[in-house]
Amino acid sequence: MDQKFLKPYSPDETEAAIYKRWENSGYFNPDNLPGDRPDTFSIVLPPPNVTGTLHMGSALMLAIEDIIVRYKRMQGFKTLWIPGTDSAAIATQARVEKDIQKAEGKSRHDLGRPELLKRIDAFIETTKNTIIDQMRAMGASLDWSRYAYTMDDKRYGAVMHAFIKMYEAGLIYRGHRIVNWDPKGQTTISDDEIVYEERKDKLYYLKYGPFIIGTSRPETKFGDKYVVMHPDDKRYAQYADRQQIELEWINGPITAIVIKDPGVDMEFGTGVMTITPWHDMADFELAEKYDLPKEQVIDWYGKLLPIAGEFAGMKITDAREKIIEKLASKGLVEKIEDYTHNVATAERTGGMIEPQIKLQWFINVTKEYTAKDGTKTTLRDMMTQTVENGDVTFLVERFEKQYLHWAKNLRDWCISRQIWFGHRIPVWYRGNDMKVQVDSPGDGWEQDSDVLDTWFSAGLWTFTTLGWPDETEDLKKYHPTALIESGYDILPFWIARMIMMSGFHLGTVPFKTIYFHGLVRDGQGRKISKSLGNNIDPVDMAKKYGMDAVRIALIMGMAPGTDSKIDENKIRGYKNFANKIWNIARFVLENVEKTDIEEPHTLSKEDADDITELNRTVREVTRHLDEYRIDLAADAVYHYVWHTFADQVLERSKTVMNGTDVVAQRATAWKLYTILITSLKMLHPYMPFVTEEIWSSLSAQAGLPMKDGGMLMIARWPAVVE
RNA sequence: GGGCGAUUAGCUCAGUUGGUAGAGCAACUCUUUUACACAGAGAAGGUCACAGGUUCGAGUCCUGUAUCGCCCACCA
């Protein structure tokens, strides 16, 4: 027996070497897998941020996917798991800008676009290996020969192609729209980068002709000409829709126009409001509805425009008090109340968001187009029907409800972003002319300065990673993918967009099943965050307890779609399990001989019952895994190995092995060996390192014949033992 | 405000066609017997949030209440 079994299992001495063996074997690439494999199984990895490091959330994702992929590979599927990294455009650019500001005191405008992009690429070069090395440390059996990066040449070209195709189909258009403008960062930001801060402000009640209007933002009110109330509000029954009213306002007399709209809340304030379409989302929609003019009051730096008269050029925060003073002097302030509300601020700069109207690019989700199968549909209908038909299924049913609710209410998607790092919009302008193409049409043409929302390219990910728009073998074999696995928090951003993009460009679903895992929280159920300092680094934990322990600790008790908790104690517990397996192997190796495996035996009743119990476990574990309930399968195999195999079968066998019945001894040895082999196979997807290490000892050092030869990684998943 | 969940042992959670309540940690008792003390044996611990209903039978299905959580939209 190998001397290494005389001491406890030592992960740090084995893991890196084992991973190297797997990688050198080439079996991560399905093209190299041995045997006849008629069916394929493919997953794309949700690409982690290229500049990031592994956290427990991504560790959980890698563990789940690797477990499924290893299981399918052992079952005989031609199994492909595609690795990749994401440019995380906004986050990465912000990070590099911050570094440059700190080191050189320069802004991106000082550097210029080409120089900033060069710096970003250089930064990514220095950071990208960190995350890739950490994925390897996890034991992830990813096919590195197919590695993709969202901004590499192949993917960039595919994104351009996709944009142009959708433009040609009439689904991409340019239009005005309110955006979240961050005056401090001089950029538009997406809804999910907004942080709402509770703030104590004043609610001003102002006399607006015969009405009293409540506002927390008097500085936006200069251009307000429309006064809106509910049509059923009896207090204002005397005023007719579109009635004109002369009244005195901040900078003199104006003509106001009454609008009756049922969207007004009669209960709030006085039930009357004026609207500022340029700087308020809801007001913008009202203005669109009634085709009202829109006027800009605040400029891109947060200062008042000439429409504010004497206040022009002032910052809004400074102007507010002065405007109120003036209104008060004119007797237009009715009263002032304290008011607590949520204010939108930019996550990165901390600046107050100022809604502004800008020209943006959109995807139209309600316009008809001709689908690949010749039928007419809209993106929104296609996205809804795909799920209602069952072409895509959610492993956890409640997410289907969420998805459908979201998809049915889908609005046009704003895909342009005012940053520099990303897939630049392939549109060129010269005067009033516009051309949609990748390369410059010639002299005097200037490219649109915006880049695409990162979710645009992400939506294409399942097929750009397989070589699209070329009609590659990979695309034919591996698309649609079998499964997407991610956190449920990106359902609307990513999962839905993949269904949209794949449906439009390929006429197929991107994946057949959607598996959402929950958030990983700390031992007390709190979110993992930098400010709490409660992050548990999976790689650190692996150094202490072994990656196998980290992996199985993450997935034990983790029902799909439900948040789970992880703490160091749990990981420590599963380190003990790894050692348990180690010692089971040691015991079996001490008792089994080569001939025990090669020759037939007559089994006792007890031996037969033990094999029956093993078979029952194989069936249960296989059934759970087929339903992607890897947590239940893990529980079953864990319980079997420790409390049935080790505590009962193995303990009982001691009596036989110490006895004198040689025939029974040989049969028992065969039984122990058979159960060990089968257990290792069932455990391998979960704890690939320790099981592979034991496997290699069984085949090499002990000289025992392995039915499957070579590596456990490609051994056949256990069938019921006859 | 709209939507979706959760509530089961001290803690974390399973419980898949309704059929005598389960696991892992933690705590308790005993045991150092060459696979493993990173262990074994044993005992303890629950009105399954609450109130109704359907049923021979409900943790499971239905209705309502309470508390907690998440997502979306945010009120001038």
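Side chains are part of it too, since the values below use all heavy atoms of this structure and drop only hydrogens, waters and symmetry mates. A, B, ... follow the sequence lines: proteins, then strands. Residue 1 opens every chain.
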Colleague: Hey, does Leu632(A) reach any base, or is it just sugar-phosphate, or nothing, if we go heavy atoms under 4.0 Å?
Modeller: base
Colleague: In whole Å, I'd like the distance from the NZ atom of Lys570(A) to the P atom of A23(B).
Modeller: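 Distance check: Lys570(A) NZ to A23(B) P gives 17 Å.
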Colleague: OP1 or OP2 of U12(B) versus the side-chain N and O atoms of Thr562(A): is any pair under 4.0 Å?
Modeller: no
Colleague: List for me each residue that meets ring-ring contact (aromatic ring centres under 6.0 Å, His included) alongside Tyr545(A), sequence neighbours excluded, and say none if there are none.
Modeller: none
Colleague: Between Lys260(A) and Asp232(A), is the closest basic N to carboxylate O distance under 4.0 Å?
Modeller: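 Result for this pair is no, no salt bridge flagged.
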Colleague: Going by the rule ring-ring contact (aromatic ring centres under 6.0 Å, His included), which residues pair with Tyr574(A) if we only count those two or more places apart in sequence or in a different chain?
Modeller: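 Tyr574(A): ring-ring contact (aromatic ring centres under 6.0 Å, His included) contacts with Tyr638(A).
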Colleague: What residues, two or more places apart in sequence or in another chain, satisfy ring-ring contact (aromatic ring centres under 6.0 Å, His included) together with Trp278(A)?
Modeller: none
Colleague: Work out how far the C1' atom of G59(B) is from that of U20(B), and round it to whole angstrom.
Modeller: 13 Å
Colleague: Taking atom P in both A41(B) and C36(B), what distance in whole Å separates the two?
Modeller: 15 Å
Colleague: Does OP1 or OP2 of C75(B) have a side-chain N or O of Arg217(A) closer than 4.0 Å?
Modeller: no
Colleague: Could you measure between the two C1' atoms, the one in C71(B) and the one in C25(B), and give it in whole Å?
Modeller: 32 Å
Colleague: Below 3.5 Å between N/O atoms, which protein atoms pair up with nucleotides 3-9 of chain B? Just atom names and distances, please.
Modeller:
from  : atom 1 : to        : atom 2 : distance (Å)
G5(B) : OP1    : Lys401(A) : NZ     : 2.6

Colleague: Which residues satisfy the salt bridge (charged side-chain N to carboxylate O under 4.0 Å, His left out) test with Asp261(A), sequence neighbours excluded?
Modeller: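 Salt bridge (charged side-chain N to carboxylate O under 4.0 Å, His left out) list for Asp261(A), sorted by chain: Lys289(A).
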Colleague: Please list, chain by chain and in numerical order, all residues satisfying salt bridge (charged side-chain N to carboxylate O under 4.0 Å, His left out) with Lys234(A), sequence neighbours excluded.
Modeller: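 Testing Lys234(A) for salt bridge (charged side-chain N to carboxylate O under 4.0 Å, His left out), a comparison that skips the adjacent residues, returns none.
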Colleague: Could you tell me whether Arg572(A) contacts a base, only the sugar-phosphate backbone, or nothing, with contacts defined as non-hydrogen atoms closer than 4.0 Å?
Modeller: nothing
Colleague: Round to a whole Å and report the spacing from CD1 of Ile571(A) to C1' of G24(B).
Modeller: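 The answer, rounded to whole Å, is 15 Å.
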Colleague: Expressed as a whole number of Å, how far does the C1' atom of U67(B) sit from that of A27(B)?
Modeller: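 Pairwise C1' distance, U67(B) against A27(B), rounds to 29 Å.
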Colleague: Does Lys221(A) come within less than 4.0 Å of Glu219(A), counting only side-chain N to carboxylate O?
Modeller: no
Colleague: Polar atom pairs between nucleotides 35-42 of chain B and protein, under 3.5 Å, N or O only, would you list them?
Modeller:
from   : atom 1 : to        : atom 2 : distance (Å)
A35(B) : OP1    : Lys654(A) : NZ     : 3.1
A35(B) : O2'    : Asn583(A) : OD1    : 3.1
A35(B) : N7     : Lys654(A) : NZ     : 3.3
A35(B) : N6     : Ala646(A) : O      : 3.2
A35(B) : N6     : Glu651(A) : OE2    : 2.9
A35(B) : N3     : Asn583(A) : O      : 3.2
C36(B) : O4'    : Asn583(A) : OD1    : 3.0
C36(B) : O4'    : Asn583(A) : ND2    : 3.3
C36(B) : O2'    : Asn579(A) : ND2    : 3.3
C36(B) : O2'    : Asn583(A) : ND2    : 3.3
C36(B) : O2     : Lys580(A) : NZ     : 2.8
C36(B) : N3     : Lys580(A) : NZ     : 2.9
C36(B) : N4     : Glu651(A) : OE2    : 3.4
C38(B) : O4'    : Asn576(A) : OD1    : 3.2
C38(B) : N3     : Lys575(A) : NZ     : 3.3
A39(B) : OP1    : Asn576(A) : ND2    : 3.2
A39(B) : O3'    : Lys580(A) : NZ     : 3.0
G40(B) : OP1    : Lys580(A) : NZ     : 3.2
G40(B) : OP1    : Trp642(A) : NE1    : 2.2
G40(B) : OP1    : Asp647(A) : OD1    : 3.2

Colleague: Test of understanding: with salt bridge (charged side-chain N to carboxylate O under 4.0 Å, His left out), list the residues that count as partners of Glu321(A), not counting sequence neighbours.
Modeller: none
Colleague: Expressed as a whole number of angstroms, how long is the span from Tyr488(A):OH to G69(B):P?
Modeller: 13 Å
Colleague: Can you list everything that forms a salt bridge (charged side-chain N to carboxylate O under 4.0 Å, His left out) with Glu295(A)? Sequence neighbours excluded, please.
Modeller: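 Glu295(A): no salt bridge (charged side-chain N to carboxylate O under 4.0 Å, His left out) contacts found.
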Colleague: Between A66(B) and A9(B), how far is it from one P atom to the other, in whole Å?
Modeller: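 About 23 Å, rounded to a whole number of Å.
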Colleague: Donor-acceptor check, side chain of Asp412(A) to backbone of Val365(A), threshold 3.5 angstrom: yes or no?
Modeller: yes
Colleague: On RNA chain B, nearest-nucleotide positions of Val272(A) versus Asp635(A): which is more 5'?
Modeller: Asp635(A)
Colleague: Rounded to whole angstroms, how far apart are CD1 on Ile555(A) and C1' on G24(B)?
Modeller: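 That distance rounds to 13 Å.
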Colleague: How close or far is atom C1' of C74(B) from atom CE of Met273(A), stated in whole angstroms?
Modeller: 13 Å
Colleague: Measure CG/Asn658(A) against P/U34(B) and give the value in whole Å, please.
Modeller: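 Rounded to whole Å, this separation is 12 Å.
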Colleague: Sort and list the pairs that fulfil salt bridge (Lys or Arg N to Asp or Glu O under 4.0 Å) and have at least one residue in residues 630-642 of chain A, not counting sequence neighbours.
Modeller: Arg629(A)-Asp631(A)
Colleague: Could you work out, with side-chain hydrogen bond (donor to acceptor under 3.5 Å, both in side chains) as the rule, every residue matching Lys512(A), not counting sequence neighbours?
Modeller: none
Colleague: Between A73(B) and G15(B), how far is it from one P atom to the other, in whole Å?
Modeller: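 31 Å, rounded to whole Å.
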Colleague: When you compare U12(B) with G64(B), how far apart are their P atoms, in angstrom units rounded to a whole number?
Modeller: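 That atom pair is separated by 29 Å.
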Colleague: Given that both pair distances must be under 3.5 Å and the pair must be Watson-Crick or G-U, what runs of three or more consecutive pairs involve RNA chain B?
Modeller: B:1-7 with B:66-72, B:10-13 with B:22-25, B:28-31 with B:39-42, B:49-53 with B:61-65
Colleague: Using the C1' atom as the reference point in each nucleotide, state the distance between G57(B) and A49(B) in Å, no decimals.
Modeller: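 Straight-line distance between the two C1' atoms is 23 Å.
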Colleague: Select base, sugar-phosphate, or nothing to describe what Thr276(A) touches, counting heavy atoms under 4.0 Å on all strands.
Modeller: nothing
